**Q** 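Have a look at this one before I ask anything.
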Amino acid sequence: MASNDSPACRLTLPAPAKLNRMLHITGRRPDGYHTLQTLFQFIDLQDELTFILRDDGEITLDEALDGVRFEDNLVVRAARMLAPYRHDRRQGVEIGLTKRLPMGGGLGGGSSNAATVLVGLNQLWGLGLSLDTLAELGLSLGADVPVFVHGKSAWAEGVGEKLTPVTLDTPWFVVIHPGVSVSTPAVFQDPELTRASPPITMARALQGGASAWRNDCEETVKKRHPSIACALEWLGQYAPSRLTGTGACLFAEFESEHAANAVTQEAAKRYHAWTARGLNGSPLHDALGG
């Protein structure tokens, strides 16, 4: 039998989105990677992954993503990364992915998918690897993977991998995708990108609060993508708006679900838009009971 769909051999887990509540770029390393300081927070928008244990050692994916080769898919790469740690080489997995988060939107969907694979297969295959080990493995897949593995809102430094858990406020957010694709490498290679923000302490960043937070990528992205600049201006009439990551998604904070929903309804006439709640713990770890 290639697969076993009994309850003990099946897991369904969320892969939540994140927002960068602030993002400062403090320098550029000799290898080309940028050093940054950022605040990661989860929100209750999410993809969903299903894992069904196989007994033929194969790793399969139910449905390919448009424009992404099987070998390049972070879901597949994460599963293959754990394969050498199996106690029995006959252990395989059939993975199903329900994609709800926009690709390339700055919400961390691909990194979150990879983290859910690492955490989920660690349990399904009974590998017994620590979260620190999974995060270290995941870093080679993407700088955002470790925060999704650890599952806590965090102050991040380095390239995003040096994490300190924090407790942030949990407002309601309106999240907008303007319908354009942003190339993260292109943004970080842009000669006009701000790369010299003075480093600050975590305490100072938290003390400043949302009113003082900014995203150093925003001006570069707005120049490259006027439609994002227009969306930021549109959302900004309701509340201060910011880019998450390099975009294309942007967000604004609201005190109540009712207020956020009202703006989301207006935004949906022009853009893809969602209301989301800020979270300090990942739904992935909630689903696993830890």
Side-chain angles (χ1 to χ4, degrees), residues 14-25 36-47 100-113 115-116 142-157 160-161 163-178 182 184 187 202 205-206 208-218 221-222 228 231-232 235-236 238-257 259-261 263-264 267 271-286:
K18 59 80 178 170
L19 296 177
N20 297 91
R21 297 285 298 273
M22 54 80 71
L23 175 60
H24 295 179
I25 302 172
L36 54 85
Q37 295 181 311
T38 190
L39 280 168
F40 286 115
Q41 183 167 33
F42 301 101
I43 54 175
D44 61 359
L45 301 178
Q46 59 195 37
D47 291 337
R100 301 187 182 100
L101 304 178
M103 294 175 63
L107 299 177
S111 293
S112 186
N113 292 164
T116 293
D144 290 351
V145 176
V147 74
F148 287 108
V149 168
H150 284 292
K152 302 289 185 183
S153 292
W155 167 256
E157 298 183 280
E161 88 288 4
L163 302 171
T164 303
V166 296
T167 299
L168 301 173
D169 60 331
T170 55
W172 291 90
F173 296 99
V174 173
V175 181
I176 287 177
H177 190 289
V182 175
T184 296
V187 171
M202 180 181 73
L206 294 174
S211 62
W213 292 341
R214 69 177 192 276
N215 183 331
D216 281 346
C217 296
E218 195 166 293
V221 172
K222 285 163 61 175
I228 293 178
L232 282 163
L235 185 56
Y238 297 98
S241 60
R242 291 192 298 283
L243 201 67
T244 177
T246 58
C249 286
L250 50 121
F251 66 96
E253 305 159 26
F254 296 84
E255 292 184 358
S256 71
E257 183 179 16
N261 279 337
V263 176
T264 297
Y271 309 107
H272 300 290
W274 305 267
T275 297
R277 186 69 189 262
L279 306 169
N280 280 308
S282 170
L284 169 60
H285 291 279
D286 292 342

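Here the structure is a predicted model, which means the values were calculated and not measured.
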**Q** May I have all residue pairs that pass salt bridge (Lys or Arg N to Asp or Glu O under 4.0 Å) and include part of residues 241-251, sequence neighbours excluded?
**A** R242-E253
**Q** Which heavy atom in G208 sits nearest to a heavy atom in A212, and how many Å separate them?
**A** O-CB, 3.7 Å
**Q** Quick one about T167 and N280 (side-chain donor to acceptor, distance below 3.5 Å, no hydrogens or angles considered), yes or no?
**A** no
**Q** Can you find a pair of side-chain heavy atoms, one from W274 and one from R100, that are under 4.5 Å apart?
**A** no
**Q** Can you give me the closest heavy-atom contact between L45 and A276, atom names plus distance?
**A** CG-CB, 3.8 Å
**Q** Which value, rounded to the nearest 0.5 Å, describes the distance between H285 atom NE2 and T116 atom OG1?
**A** 8.5 Å
**Q** Would a 4.5 Å heavy-atom cut-off, applied to side chains only, mark L168 and L206 as touching?
**A** yes
**Q** Is the centre of the F148 ring less than 6.0 Å from the centre of the F40 ring?
**A** no
**Q** Any idea which heavy atoms bring A156 and L163 closest together, and the distance?
**A** CB-CD2, 3.6 Å
**Q** Judged by atom type as modelled, is there a donor-acceptor pair below 3.5 Å linking the side chain of T38 to the main-chain atoms of M22?
**A** yes
**Q** Quick check: are there more than 12 heavy atoms from other residues, nucleotides or ligands sitting under 6.0 Å from NZ of K222?
**A** yes
**Q** Grab the two heavy atoms, one from F251 and one from L235, that are nearest each other, plus how far apart they are.
**A** C-CD2, 3.7 Å
**Q** Does S112 reach the main-chain N or O of P16 with its side chain, forming a donor-acceptor pair under 3.5 Å?
**A** yes
**Q** Is the closest side-chain heavy-atom distance between I176 and L232 below 4.5 Å?
**A** no
**Q** Just jot down the salt bridge (Lys or Arg N to Asp or Glu O under 4.0 Å) partners of E218, sequence neighbours excluded, or say none.
**A** none
**Q** Taking the side chain as C-beta and beyond, is there a heavy-atom pair between V174 and F254 under 4.5 Å?
**A** yes
**Q** I'd like to know if the side chain of S153 and the backbone of L279 have a donor-acceptor N/O pair within less than 3.5 Å.
**A** yes
**Q** How long is the straight-line distance from CD1 of I43 back to OG1 of T170, given to the nearest 0.5 Å?
**A** 13.0 Å
**Q** Give, for atom SG of C217 and atom NE2 of H24, the distance between the pair rounded to the nearest 0.5 Å.
**A** 11.0 Å
**Q** Using a 3.5 Å distance criterion without hydrogens, assess whether the side chain of D144 forms a donor-acceptor pair with backbone atoms of S111.
**A** no
**Q** Which heavy atom of W155 sits nearest a heavy atom of A205, and at what distance?
**A** CZ3-CB, 3.5 Å
**Q** Does K18 reach the side chain of V147, with side-chain heavy atoms less than 4.5 Å apart?
**A** no
**Q** Heavy-atom distance under 4.5 Å between the side chains of P178 and L250, does that happen here?
**A** yes
**Q** If you take all heavy atoms of T246 and V182, which pair is closest and at what distance?
**A** O-CG1, 3.2 Å
**Q** Drop me the distance from T275's OG1 to W172's CH2, to the nearest 0.5 angstrom.
**A** 8.0 Å
**Q** Measuring from L101:CG to C249:SG, what's the distance to the nearest 0.5 Å?
**A** 8.5 Å
**Q** Once rounded to the nearest 0.5 Å, what's the spacing between atom OG1 of T244 and atom CG of N20?
**A** 4.0 Å
**Q** Taking only residues two or more places apart in sequence or in another chain, which ones pass side-chain hydrogen bond (donor to acceptor under 3.5 Å, both in side chains) with N113?
**A** D47, K99
**Q** Heavy-atom distance under 4.5 Å between the side chains of D169 and R21, does that happen here?
**A** yes
**Q** So do the side chains of V175 and L107 get within less than 4.5 Å of each other, counting heavy atoms only?
**A** yes
